[in-house]
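Notes follow once the structure below has been shown.
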Amino acid sequence: MRVSQLLIPTLREVPAEAEVVSHQLLVRAGFIRKTAAGVYTYLPLALRVLKKIEKIVREEMARQGGQEILMPIIQPAELWQESSRWDVYGPELFRLKDRHGRDFCLGPTHEEIITALVRGEVSSYKQLPLLLFQIQNKYRDERRPRFGLMRGREFIMKDLYSFDMDEEGLHTSYQKMYEAYSRVYDRCGLKYRVVEADSGAIGGSDTHEFMVLAASGEATVVYCSSSNCDYAANVERANALYDQESSREEPESKREVYTPSQTTIKDVAVFLGEGREKTIKTLIYKTEDGLVAALVRGDREVNEVKLYNTLGCLQLELADAATIQDVTGAQVGYAGPVGLDMRIVADPEVNNMVNAIAGANKTGYHLVNVNPGRDFKVDTLTDIRMVQAGEPCPRCGSALDEAQGIEVGQIFKLGDKYSRALGAVYLDDKGQEQYIIMGCYGIGVTRTMAASVEQNHDQQGIIWPASIAPFQVVVIPVSTKDEAQVKMAEEIYNKLLQAGVEALIDDRPERAGVKFKDADLVGYPLRITVGSKGVKSGQAEVTERQTGETVMVPQQDIIYKVCDMLEKDV
RNA sequence: CGGGAUGUAGCGCAGCUUGGCUAGCGCGCUUGCCUUGGGAGCAAGAGGCCGGGGGUUCGAAUCCCUCCAUCCCGACCA
């Protein structure tokens with residue numbers, strides 16, 4: 001195609017509203033435009049990238065026996081009421097009414113639809129296992145869309161659902177998808193890590209997330225630094241290891257100390273000349289079942305996902321200042337477990353502390369020499385803290401490293417949650433009715449595109465991996481006034497097309513600098529430059545976007561050279 | 001939903017404090033000349049409901065009220 005005829009509206013300046021680099025570059029390089037908050041239009045270049053990713057996804061799903069279908073975006077409320085998610089899903093569900101007042105929603109996911117389909121069409125074990133997938137727009141009315149394509153309200157997702165007779169079959173399907181996902185991200189040229197994840201309220205047994213490693217990632221993952229161990233987990237999930245030994249210190253008698261205006265762990269520790277690990281952090285949470293105090297060592301952070309799972313509650317949020325004042329009798333910053341009248345959940349580390357420092361529930365005072373058991377009672381003792389880099393791997397004991405990741409895919413074992421709710425059963429070989437065992441597996445297609453940009457860019461612009469680049473090569477005649485250059489560029493361009501290379505020719509009557517800048521910004525893997533010197537010697541330059549390396553290649557060899565260089569990356 | 005900020009030409013911004021004549025600048029766009037190896041130069045142009053509504057005033061981009069939109073932080077995220 002010709003750049004002069006393509007809609008590639010590049011911008012010189014960074015759009016003011018774009019914060020993350022993928023958003024900035026995708027807008028600047030003419031890939032996307034915003035239609036509303038969290039809703040984007042994909043321009044020709046973006047659509048080509050998305051189609052490439054989708055093609056890879058389709059091939060890998062098919063390789064594992066997945067069959068493609070297409071389900072509706074608009075879903076009737078009845079199905080969601082059957083699974084009781086109409087009420088549970090909350091305000092994130094886009095809801096609408098038709099002209100008759102009937103309730104519908106825009107699908108954020110398709111478990112209900114597909115389970116209803118399968119319950120109608122599958123009745124025998126002979127029809128299982130079944131792997132069905134689609135690539136479809138999804139809708140989630142995010143409270144706060146942000147980061148461009150990373151967290152949109154409308155996005156493209158591949159979702160596959162597996163239907164098996166039993167857990168063993170589910171495990172096989174799960175393994176297939178694990179394999180398929182690994183191949184998808186490998187082929188997309190992304191550096192990623194598979195991590196154990198929290199299954200959340202869905203309550204499944206196994207779940208893994210596929211994380212593209214990038215500094216801007218919203219998720220934190222920990223992974224084992226040992227080359228012999230492949231442990232990796234989302235910090236929300238990572239289990240903490242605990243020393244069994246408690247301190248040898250002799251418990252001393254508790255006393256109150258005056259700590260004016262020392263309302264943070266750090267301040268109190270410095271003020272009293274102790275380390276933060278000598279303090280107990282007391283956070284008061286509000287749940288639908290009342291208030292709960294969560295205790296962790298002062299140098300640790302509470303892991304709200306673990307706490308949520310421990311409490312089994314539906315709502316969990318930090319109590320507001322007024323509530324804290326009311327229940328502790330002190331301002332925020334002086335809460336402590338001693339004499340606190342509410343359920344107390346403590347991390348095991350807290351239980352091992354001797355002569356600890358804690359808030360006195362009295363403004364301006366802390367207690368020293370606080371000892372768990374003696375001075376306060378813990379109702380629930382369980383892992384509720386965030387694991388940090390440097391801690392021992394729960395599997396092998398080596399130190400853990402930490403990284404930021406963008407969640408681009410996840411795989412879940414659902415079990416019979418939906419088949420039970422919606423009545424999807426089959427008859428086994430003994431004629432017994434059984435619930436179908438399900439799994440679900442998602443890939444964020446638009447997010448994968450953004451994640452690739454986050455991971456592959458430089459000061460000049462995007463650097464697409466060849467496998468998902470919108471075009472693989474751009475041919476640039478330095479001057480469109482020089483007929484010899486134009487002729488040679490056209491010849492090379494046509495030969496590339498004949499060879500099946502996705503090539504563009506930048507035939508705009510722009511100065512060379514403009515065309516180079518645009519080529520770098522858009523991020524074509526290869527650029528072929530035809531200049532006056534090259535024309536004389538019958539050579540053109542081939543420049544690799546990734547490395548910036550340029551080689552002079554005789555015209556007749558260019559096709560081979562290009563194919564050779566692209567092979568390497570494909 | 002709480003906190004903060006911003007809405008002025010396609011994009012990036014100034015003007016607003018202290019109201020005043022025709023609303024500016026850079027980039028981009030159009031036309032012509034010129035130029036062609038890293039976002040050239042000269043000249044002439046087009047392009048604005050100053051986010052919407054209401055108010056104050058002789059007069060509002062500017063002051064007041066209100067609504068809307070967008071962005072950031074937090075909360076939230078099967």
Side-chain angles (χ1 to χ4, degrees), chain A residues 9-20 23-24 27-28 30 33-39 80 83-93 107-112 138 140-148 150-153 155 157 159 197-204 207 209 218-219 234 236 285-286 304-305 308 314-321 407 410-414 417-418 421 438 440-442 444 459-461 476-482 485-486 506 508-521 527 529-535 540-541 543 548 550:
Chain A
T10 57
L11 303 173
R12 297 194 182 202
E13 285 166 293
V14 180
E17 65 183 26
E19 193 68 14
V20 296
H23 189 195
Q24 292 175 348
V27 172
R28 268 196 72 203
R33 287 293 184 265
K34 187 176 70 183
T35 299
V39 180
W80 284 75
S83 71
S84 53
R85 286 209 293 182
W86 184 258
D87 297 320
V88 172
Y89 213 95
E92 228 172 80
L93 192 62
T109 176
H110 284 71
E111 280 88 4
E112 281 79 3
K138 302 284 178 176
R140 292 184 193 179
D141 195 359
E142 292 281 347
R143 216 180 240 189
R144 188 182 154 208
R146 58 183 141 177
F147 305 144
M150 299 294 240
R151 184 168 287 265
R153 294 194 293 174
F155 53 96
M157 189 163 156
D159 46 327
D198 182 79
S199 55
I202 208 156
T207 177
E209 290 170 338
E218 286 188 85
N234 190 314
E236 291 177 348
Y285 283 91
K286 202 190 259 178
E304 291 189 4
V305 171
Y308 183 95
L314 293 171
Q315 283 171 355
L316 180 72
E317 59 183 24
L318 279 170
D320 54 86
E407 183 198 327
Q410 85 272 42
I411 55 180
F412 261 114
K413 288 188 179 176
L414 289 172
K417 173 172 172 158
Y418 293 94
M438 294 173 56
C440 73
Y441 316 83
Q459 282 297 309
Q460 304 304 315
I476 299 182
V478 167
S479 169
T480 49
K481 294 269 174 70
D482 180 338
Q485 285 180 34
V486 171
D506 195 343
R508 294 175 299 169
E510 294 284 351
R511 296 164 59 85
V514 173
K515 293 188 274 195
F516 293 156
K517 287 286 186 190
D518 271 355
D520 288 347
L521 181 59
R527 184 181 97 201
T529 312
V530 178
S532 55
K533 284 161 285 183
V535 166
E541 294 165 30
T543 306
T550 296

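Numbered from 1 within each chain, the chains take letters A, B, ... in sequence-line order.
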No-H, no-angle donor-acceptor pair, [X] side chain to [N] base, under 3.5 Å:
| X | N | result |
| --- | --- | --- |
| A:Arg28 | B:rG39 | yes |
| A:Lys34 | B:rU70 | no |
| A:Arg527 | B:rG37 | no |
| A:Arg151 | B:rC77 | yes |
| A:Arg143 | B:rA75 | yes |
| A:Glu541 | B:rG37 | yes |
| A:Glu510 | B:rG39 | no |

Pairwise [atom1] distance for [N] and [M], with rounding to whole Å:
| N | M | atom1 | result |
| --- | --- | --- | --- |
| B:rG24 | B:rC65 | P | 30 Å |
| B:rC73 | B:rG15 | P | 26 Å |
| B:rG4 | B:rA43 | C1' | 47 Å |
| B:rG32 | B:rG51 | C1' | 38 Å |
| B:rA46 | B:rC27 | C1' | 16 Å |
| B:rC21 | B:rG7 | C1' | 27 Å |
| B:rU62 | B:rU17 | C1' | 10 Å |
| B:rC64 | B:rA23 | C1' | 23 Å |

Whole angstrom value for the distance that separates [atom2] of [N] from [atom1] of [X]:
| X | N | atom1 | atom2 | result |
| --- | --- | --- | --- | --- |
| A:Arg33 | B:rG10 | CZ | P | 13 Å |
| A:Glu317 | B:rG74 | CD | P | 16 Å |
| A:Leu521 | B:rG38 | CG | P | 18 Å |
| A:Glu407 | B:rA78 | CD | C1' | 11 Å |
| A:Leu316 | B:rC77 | CG | P | 9 Å |
| A:Arg144 | B:rC77 | CZ | P | 15 Å |
| A:Glu209 | B:rA78 | CD | P | 10 Å |
| A:Ile476 | B:rG39 | CD1 | P | 13 Å |

Compare the minimum distances between each of [options] and the side chain of [X], then state the nucleotide with the smallest one.
| X | options | answer |
| --- | --- | --- |
| A:Gln460 | B:rA78, B:rG38, B:rG12 | B:rG38 |
| A:Arg12 | B:rG12, B:rA78, B:rG28 | B:rG28 |
| A:Ala37 | B:rA78, B:rC71, B:rC76 | B:rC71 |
| A:Glu19 | B:rC72, B:rC11, B:rG39 | B:rC72 |
| A:Glu92 | B:rA78, B:rA75, B:rC77 | B:rC77 |
| A:Glu304 | B:rU36, B:rC76, B:rG74 | B:rC76 |
| A:Phe516 | B:rC76, B:rG39, B:rG37 | B:rG37 |
| A:Lys517 | B:rG12, B:rA78, B:rG39 | B:rG39 |
| A:Thr109 | B:rG38, B:rA78, B:rG12 | B:rA78 |
| A:Phe147 | B:rC71, B:rC73, B:rU36 | B:rC73 |

Review point. Is the backbone N or O of A:Val478 less than 3.5 Å from a side-chain atom of A:Gln485, with the two atoms forming a donor-acceptor pair by type?
Key: yes

Go ahead and name the base partner of [N]; Watson-Crick or wobble counts if both distances stay under 3.5 Å, otherwise write none.
| N | value |
| --- | --- |
| B:rU18 | none |
| B:rC50 | none |
| B:rU70 | B:rA5 |
| B:rG12 | B:rC25 |
| B:rC33 | B:rG41 |

Does any non-hydrogen side-chain atom of [Y] lie less than 4.5 Å from one of [X]?
| X | Y | result |
| --- | --- | --- |
| A:Thr480 | A:Lys515 | yes |
| A:Glu304 | A:Glu236 | no |
| A:Ser83 | A:Glu111 | no |
| A:Lys138 | A:Asp159 | yes |

Counting the atoms with a prime plus P, OP1 and OP2 as sugar-phosphate, which does [X] contact under 4.0 Å by heavy atoms, base, sugar-phosphate, or nothing?
| X | result |
| --- | --- |
| A:Pro15 | sugar-phosphate |
| A:Asp482 | nothing |
| A:Leu93 | nothing |

Check your understanding: If only side-chain N and O atoms of A:Arg511 are considered, is one of them under 4.0 Å from the OP1 or OP2 phosphate oxygen of B:rA40?
Key ->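 So the side chain of A:Arg511 is within the cut-off, an N or O lying under 4.0 Å from OP1 or OP2 of B:rA40.
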
Point to revise | First of A:Val514 and A:Pro509 reached from the 5' end of RNA chain B, by closest nucleotide | key: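 Upstream on the strand: A:Pro509.
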
Point to revise | Comparing A:Glu236 and A:Ala36 on RNA chain B - which has the more 5′ nearest nucleotide | key: A:Ala36

Check your understanding: In terms of side-chain heavy atoms, does A:Glu541 have a donor or acceptor partner in A:Thr543 at a distance below 3.5 Å?
Key -> no

Point to revise | A:Met157 to A:Gly442 - nearest heavy-atom pair and separation | key: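 It is CE-CA, 3.8 Å.
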
Practice item. Please report the C-alpha distance between A:Arg151 and A:Glu218 in whole Å, then the side-chain angles of each, then the deciding distance to 0.1 Å, and finally whether the salt bridge (Lys or Arg N to Asp or Glu O under 4.0 Å) criterion is met. Key: CA-CA 10 Å; A:Arg151 184 168 287 265; A:Glu218 286 188 85; 3.3 Å; yes

Review point. Is A:Arg140 close enough and on-axis enough to A:Phe155, meaning under 6.0 Å and within 45°, for cation-pi?
Key: no

